[in-house]
Amino acid sequence: MIFKLRLIGVAALLVAQMSLPVFANNLTATVVSVGDGDTIRVKTGNKTVTVRLACIDAPEMKQNPWGQQSSARLKQLLPVGQGITLRAIETDKYKRLVAEVFVGNRSVNVSMVQEGQAVVYRQYLKGCPESRDSLLQGENTAKQQRLAFWSQANPVMPWDFRHRATQKTTSVPIQPQQQNNCDPSYPDFCIPKNSPDLDCRNISQRRFKVLPPDPHGFDRDGDGIGCEK
């Protein structure tokens, strides 16, 4: 009898050890804010982290009006204070947690694609094997029905938009905030008011104060700090 109990105990331990990786990447969290259509800030435990929705790509905020519409829809799906479950996949080069976001059993990532508010990011689709078919089918339906982003005659994919924006801009020399033509949205240093459209890759500064209206969109999560990730 003692031998059998020991075997049962060992088996239970092995099952627990085998199950650990499955549960280790699932986190409960609460929505703190929504940035664009694929980025949110959440609180999990005693930490506040930035989450990049996995396997999808939303229009850039400067892809008017699609970026703003995508962000507005994500705010409806994930209002501040909403309890969610994260299926964590990895941490990206910007130190963001890449994850699939669930409200109950519903994948918000899939919902955004089905509604035409985001597209499937095929380059990273392998990170969502369980949702792969739903994402691809959802995008195909959204295209056929010409929903939201797909209602355009010639939609520009978000990654292509970012690439073109990078090609059009050059690095801007950062100077102390002392010139009259400096943009007041960035009081910590000087960006000329008439600078071309920039993103965080075009400047050397990180974690600087941002004031509205933030014309370059450096403060993606709306917390008053630019290029923090």
Side-chain angles (χ1 to χ4, degrees), residues 23 25-92 94-121 124 127-128 130-131 134-135 137-139 141-142 145 147-151 158 185 200 207 209-229:
F23 295 104
N25 65 347
N26 291 335
L27 305 171
T28 57
T30 303
V31 177
V32 174
S33 65
V34 172
D36 54 20
D38 54 35
T39 310
I40 62 176
R41 290 277 284 175
V42 306
K43 186 171 184 179
T44 177
N46 59 356
K47 295 182 179 180
T48 301
V49 298
T50 300
V51 177
R52 172 67 163 81
L53 273 65
C55 304
I56 72 172
D57 203 4
E60 292 294 301
M61 294 296 283
K62 292 173 184 177
Q63 288 184 267
N64 296 325
W66 320 111
Q68 289 83 354
Q69 290 179 2
S70 178
S71 176
R73 180 53 179 153
L74 190 57
K75 288 176 181 177
Q76 292 176 341
L77 293 173
L78 298 176
V80 173
Q82 173 70 58
I84 60 176
T85 300
L86 303 173
R87 186 182 69 81
I89 297 174
E90 63 180 352
T91 300
D92 69 11
Y94 302 110
K95 305 289 181 65
R96 300 175 300 186
L97 177 66
V98 179
E100 192 164 9
V101 179
F102 292 88
V103 176
N105 294 322
R106 176 172 55 88
S107 168
V108 175
N109 306 47
V110 172
S111 293
M112 290 291 286
V113 170
Q114 289 175 335
E115 296 180 19
Q117 300 293 351
V119 299
V120 177
Y121 211 163
Y124 301 102
C128 303
E130 298 87 354
S131 302
S134 296
L135 287 166
Q137 291 171 6
E139 182 179 83
T141 300
Q145 297 181 2
L147 300 179
F149 179 76
W150 299 111
S151 64
S185 290
C200 292
R207 295 193 61 81
K209 185 176 182 180
V210 175
L211 303 174
D214 185 17
H216 294 288
F218 292 138
D219 181 17
R220 298 186 69 182
D221 57 9
D223 65 353
I225 304 296
C227 298
E228 57 191 325
K229 298 295 182 183

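Keep in mind that this is a model prediction, so the values were computed, not measured.
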Which donor-acceptor pairs under 3.5 Å do side chains of residues 112-121 form with protein atoms, sequence neighbours excluded?
from : atom 1 : to   : atom 2 : distance (Å)
E115 : OE1    : R73  : NE     : 2.6
E115 : OE2    : R73  : NH2    : 3.0
Y121 : OH     : R162 : NH2    : 3.2

Under the side chain to side chain donor-acceptor pair (under 3.5 Å) test, residues paired with Q69 that sit two or more places apart: none
Could you tell me whether the side chain of C200 reaches within less than 4.5 Å of the side chain of F218, counting heavy atoms only? yes
Can you sort out the partners of P213 under side-chain contact (heavy atoms from CB on, under 4.5 Å), two or more places apart, ordered by chain and number? S185, P215
Search all heavy atoms of R87 against all heavy atoms of E130 and return the closest pair with its distance. CZ-OE1, 3.8 Å
Hey, are the side chains of V108 and V103 touching, using non-hydrogen atoms and a 4.5 Å cut-off? yes
Heavy-atom closest pair (M61 atom, N64 atom, distance to 0.1 Å) is O-OD1, 3.4 Å
Is any side-chain heavy atom of T44 less than 4.5 Å from a side-chain heavy atom of L97? no
Shortest non-hydrogen contact from D57 to P158? OD2-CB, 3.4 Å
Report the residues that fulfil side-chain contact (heavy atoms from CB on, under 4.5 Å) with T85, sequence neighbours left out, ordered by chain and then residue number. F102
Going by side-chain contact (heavy atoms from CB on, under 4.5 Å), name the residues that satisfy it together with A54, two or more places apart in sequence or in a different chain. I89, V98, N109, C128
How would you list, by chain and number, every residue that makes a side-chain contact (heavy atoms from CB on, under 4.5 Å) with T39, sequence neighbours excluded? D36, T50, R52, R96, R220
Gap between atom NZ of K75 and atom OG of S70 - 0.5 Å precision: 11.0 Å
Partners meeting side chain to side chain donor-acceptor pair (under 3.5 Å) with Q145 (sequence neighbours left out): none
Sole residue of V51, L77, I40 in side chain to side chain contact (heavy atoms under 4.5 Å, CB included) with I84: I40
Applying side chain to side chain donor-acceptor pair (under 3.5 Å), can you list everything that pairs with N46, at least two apart in sequence or on another chain? none
Would L86 and N26 count as a side chain to side chain contact (heavy atoms under 4.5 Å, CB included) if you check the C-alpha gap in whole Å, the side-chain angles of each, and the deciding distance to 0.1 Å? CA-CA 5 Å; L86 303 173; N26 291 335; over 6 Å; no
Provide the closest heavy-atom pair for A58 versus D38 in the form atom of the first, atom of the second, distance. N-OD2, 2.8 Å
If the condition is side chain to side chain donor-acceptor pair (under 3.5 Å), which residues does S131 pass it with, not counting sequence neighbours? E100
Check salt bridge (Lys or Arg N to Asp or Glu O under 4.0 Å) between D221 and all other residues, then give those that pass, not counting sequence neighbours. R41
Under 3.5 Å, is there a donor-acceptor pair between the side chain of D219 and the main chain of V210? no
Could you give the distance from OH (Y124) to CD1 (I56), rounded to the nearest 0.5 Å? 14.0 Å
Residue pair W66 / S151, side-chain heavy-atom distance below 4.5 Å: yes
Here the gap from Q76 atom CD to S71 atom OG, rounded to the nearest 0.5 Å, amounts to 10.5 Å
So do D223 and S33 actually touch side chain to side chain, heavy atoms under 4.5 Å? no
